[in-house]
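Beneath this line is the structure, given in structure tokens, with notes to follow.
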Amino acid sequence: MTTQEHDASVYETVQESSEFQELKRRFRAWTFPMTVAFLVWYLLYVVMSGWARGFMATKVLGDINVGLIFGLLQFVSTFLIAWAYARHAEKKLDPIADKLRHEVEEKTK
């Protein structure tokens with residue numbers, strides 16, 4: 001068996017393991033709903049900007065209107081999602097990924 005074949009079989013074994021499947025499940029269970037939620041939020045902003053111009057132009061405070069607030073909240077929500085994902089990954093994904101990485105490193109030495 002060549003080194004390349006050996007490495008491939010190690011990765012295939014890891015990919016088939018229940019721990020790797022759990023890692024993928026946890027990743028998808030967080031990222032897919034969050035992606036959908038963000039896209040809905042973003043598309044709401046775009047649709048409202050195009051078809052609810054009166055509402056978006058409503059002044060809230062001085063020259064600050066609803067559209068500007070929605071636009072700034074897009075940035076805020078992006079940073080909040082990134083922060084929340086980092087916390088999620090640190091608690092739920094990284095321990096499993098680290099364990100799998102150590103197993104692969106041991107098998108490929």
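Index from 1, following the sequence.
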Atom of P95, atom of A89 and distance for their closest heavy-atom approach | CD-O, 4.3 Å
Could you pull out all donor-acceptor pairs under 3.5 Å where a side-chain atom in residues 45-52 meets a protein atom, sequence neighbours excluded?
residue, atom, partner, partner atom, Å
S49, OG, Y45, O, 2.8

Pairs satisfying salt bridge (Lys or Arg N to Asp or Glu O under 4.0 Å), at least one member in residues 47-56, at least two apart = none
Taking only residues two or more places apart in sequence, or in another chain, which ones meet Y42 in a ring pair (Phe, Tyr, Trp, His ring centres under 6.0 Å)?
-> none
Set of residues satisfying salt bridge (charged side-chain N to carboxylate O under 4.0 Å, His left out) with respect to R26, sequence neighbours excluded = E22
Partners passing side chain to side chain donor-acceptor pair (under 3.5 Å) against E106 (at least two apart in sequence or in another chain) | K109
Looking at side-chain heavy atoms only, is the closest gap between E105 and H102 below 4.5 Å?
-> yes
Please collect all side chain to side chain donor-acceptor pair (under 3.5 Å) contacts where either partner lies in residues 56-68, sequence neighbours excluded, each pair once.
-> K59-D63
Reported CG-to-CG distance for the pair L73 and L68, which is rounded to 0.5 angstrom = 9.5 Å
In terms of heavy-atom contacts, Q21 and E16 come closest through NE2-CA, 4.3 Å
In the hydrophobic clustering (ILVMFWY, side-chain contacts below 4.5 Å, transitive), which residues join V36, or is it alone?
-> V40
Contacts of type side-chain contact (heavy atoms from CB on, under 4.5 Å), residue L100, not counting sequence neighbours = V14, S17, E19, F20, L23, I96, E103
Which side chain to side chain donor-acceptor pair (under 3.5 Å) pairs, counting each pair once, include a residue from residues 66-92, with sequence neighbours left out?
-> W41-S77
Any link between I81 and F75 through a network of hydrophobic side chains (Ile, Leu, Val, Met, Phe, Trp, Tyr) touching at under 4.5 Å?
-> no
